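Presented below is the structure to which this report refers.
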Amino acid sequence: MTVTTIERLADHVGQTVTLRGWLYNRRSSKKLHFLQLRDGTGIVQCIATLEHFGEERFPEIGGLPYESAVTITGEVRADARAPGGFEMDADKVDVVSVSEEYPISHKEHGPDFLLSNRHLWLRSRKQVALMKLRDEVIRTIRNFFHERGFLNVDAPIFTPNACEGTTNLFEVDYFDEEKAYLTQSGQLYMEAAAMAFGKVYCFGPTFRAEKSKTRRHLTEFWMCEPEMAYANLDDVMDLTEDLLQTIVEAVLANRRADLEILERDISALEKIQKPYPRITYTEAVEKLKSTDHKFEWGGDFGAPDETAISSEYDRPVLVHRYPQEVKAFYMRRDPEDDRCALGVDVLAPEGYGEIIGGGERESDLEVLRSRIAEHKLPEEAFKWYLDLRRFGTVPHGGFGLGLERTVCWLAGIEHVRECIPFPRMLHRIYP
RNA sequence: UCCCCGGUAGCUCAGCGGUAGAGUAGGUGGCUGUUAACCACUUGGUCGUAGGUUCGAAUCCUACCCGGGGAGCCA
């Protein structure tokens with residue numbers, strides 16, 4: 001017997017095949033059961049009749065609890081009445097396991113309940129669609145960099161002495177009397193790798209012990225960080241634009257059905273075309289001031305500021321040349337305005353805020369040393385990093401893209417916690 | 001750390017001083033193809049915890065715990 005999956009049913013019309021999955025929903029009348037089977041690739045309705053199964057088996061089938069594991073064999077039929085266009089006339093229903101009463105219904109639930117049942121919540125239609133979207137984004141990112149000659153060079157998860165303070169870092173014991181920290185960013189390592197391979201990227205989990213309880217924060221999230229040797233800020237901005245455009249197009253081309261399940265406003269994504277607007281921080285501040293927004297030059301943007309700026313555009317906006325005080329020590333100063341750093345943040349449309357942060361790095365040894373001193377950082381910890389400026393230093397830059405925030409925006413959902421299979425958040429580490 | 005909102009049936013919520021409710025899930029029966037199916041009946045509760053006010057508290061007060069949203073923070 002041919003075993004297949006629900007997404008491939010179109011290839012089997014008129015044939016008898018076996019599907020293996022779980023009972024998603026069922027409805028019954030006197031002589032018919034409508035069994036909705038899900039298998040991770042889709043949902044299909046299977047028809048079981050009293051006539052075929054008989055007085056004994058028919059009620060058993062109709063009494064199966066939701067999420068019972070079943071394999072169903074039958075003939076595939078195209079049927080306009082069925083959602084998805086195909087149905088199966090069940091010939092055999094084999095019960096692999098009878099589920100206990102399933103806690104998650106097709107009605108609404110609260111976030112606490114759903115998060116505590118994340119291991120089961122993942123089976124729900126929207127969550128399946130969201131994980132497929134995430135997968136699409138990840139694969140597109142990897143292909144994007146591969147096709148452009150970037151080498152995937154991953155950064156370590158354990159890192160030594162904290163760069164600046166330890167309040168935002170997760171500390172772990174590292175053998176005897178030594179502390180290690182979970183990485184916040186692979187960037188410094190990518191700078192080393194870029195000097196070895198030219199163009200590189202890392203893609204992995206990062207950890208931040210920030211006590212943030214907002215829809216944009218996770219304590220563990222995935223970040224993709226490309227880094228390029230012989231690159232300036234404009235090269236970095238071009239790359240962010242190309243990457244985001246490629247992702248948007250891939251999602252529209254390959255995940256339209258999932259976007260529809262997520263009830264995403266697809267037209268908003270279709271409007272996104274290069275070039276994206278590029279404005280300086282200073283211009284952004286002027287825009288804020290021209291509304292009734294209170295903002296002074298020199299501060300970093302908060303979430304409401306980012307929303308105000310991005311709401312003027314129907315595509316991502318690149319904000320560049322921030323005050324150097326709000327940016328990291330390794331950011332190169334703007335040669336034309338010493339107050340500014342050559343950094344860029346990309347703000348997603350529709351109020352989703354920052355999804356990319358990056359810029360051109362300081363490549364001069366002495367300038368970098370004085371920055372480290374200004375920031376009161378221990379030079380000892382950066383000895384290896386400073387070596388990169390001793391041995392063949394070149395202009396270089398890159399950025400970090402937050403995966404969950406990007407998926408959140410593309411999917412048009414409320415909270416990043418749904419964009420990662422098992423979210424880690426403040427005071428929540430189960431399941 | 002701060003501000004706002006909430007905690008009542010497995011789940012989602014109503015009730016806001018006078019005997020604990022609905023929808024849904026579960027159970028039983030019915031139904032000519034249903035689409036979050038529908039119809040009838042039905043099981044199910046230390047009203048977050050501990051004190052207090054009151055003749056009487058799910059309801060008012062205090063403290064604590066837990067959750068949600070936001071601020072700060074997010075090189």
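We name chains A, B, ... by the order of the sequence lines, and we start the count at 1 in each one. Everything quoted here is computed from the prediction, not taken from an experiment.
- Following rounding to the nearest Å, E108(A) (CD) and U24(B) (P) show an atom-to-atom distance of 14 Å.
- H33(A) comes within contact range of no nucleotide atom at all, as no heavy-atom separation falls under 4.0 Å.
- Going from the P atom of G17(B) to that of U35(B) covers 42 Å, rounded to whole Å.
- Candidate nucleotides G33(B), C74(B), G69(B) were compared by shortest atom distance to the side chain of S29(A), and G33(B) ranks first.
- Closest to the R215(A) side chain, of the nucleotides A36(B), G70(B), C74(B), is G70(B).
- Mapping F301(A) and D79(A) onto RNA chain B by nearest heavy atom places D79(A) at the nucleotide closer to the 5' end.
- The side chain of H427(A) approaches G67(B) more closely than any other nucleotide in the set A75(B), G67(B), G70(B).
- At distances below 3.5 Å, not a single donor-acceptor pair connects side-chain atoms of E379(A) with backbone N or O atoms of R369(A).
- We find that CG of L426(A) is positioned 16 Å from P of G72(B), with the value rounded to whole Å.
- Taking 3.5 Å as the limit, the base of A75(B) and the side chain of S185(A) contain a donor-acceptor pair of atoms between them.
- Rounded to whole Å, the separation between the C1' atoms of G7(B) and U12(B) comes to 13 Å.
- Side-chain atoms of T49(A) come within 3.5 Å of backbone N or O of H52(A) as a donor-acceptor pair.
- A 4.5 Å side-chain heavy-atom check between V153(A) and C202(A) finds every atom pair outside the cut-off.
- For S105(A), no side-chain nitrogen or oxygen approaches OP1 or OP2 of C11(B) to under 4.0 Å.
- Nucleotides G29(B) and U34(B) have their P atoms positioned 23 Å apart, rounded to a whole Å.
- Taking side-chain N and O atoms only, R417(A) has a distance below 4.0 Å to OP1 or OP2 of G69(B).
- Counting only heavy atoms from C-beta on, K213(A) has its side chain closest to G70(B) among C73(B), G33(B), G70(B).
- Between U34(B), A25(B), A71(B), one nucleotide has an atom nearer to the side chain of R216(A) than all others, and that is A71(B).
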(request) Report the C-alpha separation of Y281(A) and H320(A) in whole Å, then their side-chain angles, then the decisive distance to 0.1 Å, and conclude whether the side-chain contact (heavy atoms from CB on, under 4.5 Å) test is met. (result) CA-CA 6 Å; Y281(A) 168 90; H320(A) 56 93; over 6 Å; no

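- Contact check, K31(A) against U32(B): no side-chain N or O comes under 4.0 Å of OP1 or OP2.
- Rounded to the nearest Å, the gap between the C1' atom of G56(B) and that of C3(B) is 36 Å.
- For the P atoms, the distance linking U8(B) with A50(B) amounts to 15 Å, nearest Å.
- Across all strands shown, nothing is found opposite A58(B) as a Watson-Crick or G-U wobble partner with both distances under 3.5 Å.
- The side chain of L115(A) approaches G68(B) more closely than any other nucleotide in the set G33(B), G68(B), A75(B).
- Using Watson-Crick or G-U wobble geometry with both donor-acceptor distances under 3.5 Å, G26(B) finds its partner in U42(B).
- Contacts of P304(A) with the nucleic acid, taken as non-hydrogen atoms under 4.0 Å apart, involve only primed sugar atoms and P, OP1 or OP2.
- The separation between L169(A) atom CG and C74(B) atom P is 12 Å, rounded to whole Å.
- In a base pair of the Watson-Crick type (N1 to N3 plus N6-O4 or O6-N4) or a G-U wobble (N1-O2 and O6-N3), with each distance short of 3.5 Å, C2(B) is matched with G70(B).
- Side-chain contact between R428(A) and S116(A): present, with at least one pair of heavy atoms (C-beta onward) separated by less than 4.5 Å.
- Remark: the H109(A) side chain and the C11(B) base include no donor-acceptor N/O pair separated by less than 3.5 Å.
- Using a 3.5 Å distance cut-off with no hydrogens or angles, the side chains of S68(A) and S99(A) do not pair a donor with an acceptor.
- When both pairing distances are held under 3.5 Å, A20(B) makes no Watson-Crick or G-U pair with any nucleotide shown.
- Note on R333(A) versus E362(A): no salt bridge recorded, every NZ/NE/NH1/NH2 to OD/OE distance being 4.0 Å or above.
- Rounded to whole Å, atom C1' of C74(B) lies 16 Å from atom CD1 of I355(A).
- As rounded to whole Å, 11 Å separates atom P of C2(B) from atom NZ of K211(A).
- Only the C1' atoms considered, C55(B) is 23 Å distant from G15(B), to the nearest whole Å.
- A donor N or O paired with an acceptor N or O is not found under 3.5 Å between the base of G10(B) and the side-chain atoms of E100(A).
- Residue E87(A) is in base contact, counting any heavy-atom pair closer than 4.0 Å across all strands shown.
- Contact annotation: R27(A) does not reach the phosphate of C39(B) (side-chain N/O to OP1 or OP2, under 4.0 Å).
- In this structure, CZ of F113(A) is placed 6 Å from P of C11(B), rounded to the nearest angstrom.
- In this entry the distance linking CD1 of I261(A) with C1' of U35(B) reads 15 Å, nearest Å.
- Of the nucleotides present, U49(B) is the one that pairs with A63(B) by Watson-Crick or G-U wobble criteria, both distances under 3.5 Å.
- Counting only heavy atoms from C-beta on, N25(A) has its side chain closest to A36(B) among G67(B), A36(B), C73(B).
- If you check A37(B) for Watson-Crick or wobble pairing at under 3.5 angstrom, you find it has no partner at all.
- Taking 3.5 Å as the limit, the base of U35(B) and the side chain of Q36(A) contain no donor-acceptor pair of atoms between them.
- Checked by atom type and distance alone, the side chain of T41(A) never pairs as donor or acceptor with a backbone atom of T5(A) at under 3.5 Å.
- Taking side-chain N and O atoms only, N117(A) has no distance below 4.0 Å to OP1 or OP2 of C11(B).
- Comparing the same atom, C1', in U62(B) and in U53(B) gives a spacing of 11 Å after rounding to whole Å.
- The residue among G302(A) and P111(A) whose nearest nucleotide of RNA chain B lies closer to the 5′ end is P111(A).
- Between E350(A) and R315(A) there is no salt bridge, since no side-chain N of the basic residue sits under 4.0 Å from a carboxylate O of the acidic one.
- Nucleic acid contact for R361(A): none, since no nucleic acid atom lies under 4.0 Å from a heavy atom of the residue.
- Checking Q187(A) against E225(A) by side-chain atom types alone, no donor-acceptor pair falls below 3.5 Å.
- Contact between the side-chain N/O atoms of R428(A) and the OP1/OP2 oxygens of G68(B) is found at a separation under 4.0 Å.
- Per the geometry, OH belonging to Y322(A) stands 12 Å off P belonging to A75(B), to the nearest Å.
- For C73(B), the base has a donor-acceptor partner in the side chain of S212(A) [N/O atoms by modelled type, under 3.5 angstrom].
- Straight-line distance between the C1' atoms of C64(B) and G72(B): roughly 25 Å, to the nearest whole Å.
- When heavy atoms are screened at a 4.0 angstrom cut-off, D300(A) is found touching no nucleic acid atom at all.
- If you check C73(B), G33(B), A36(B) against the side chain of N168(A), the one that comes closest is C73(B).
- Looking at heavy-atom distances under 4.0 Å, Q45(A) makes contact with a base.
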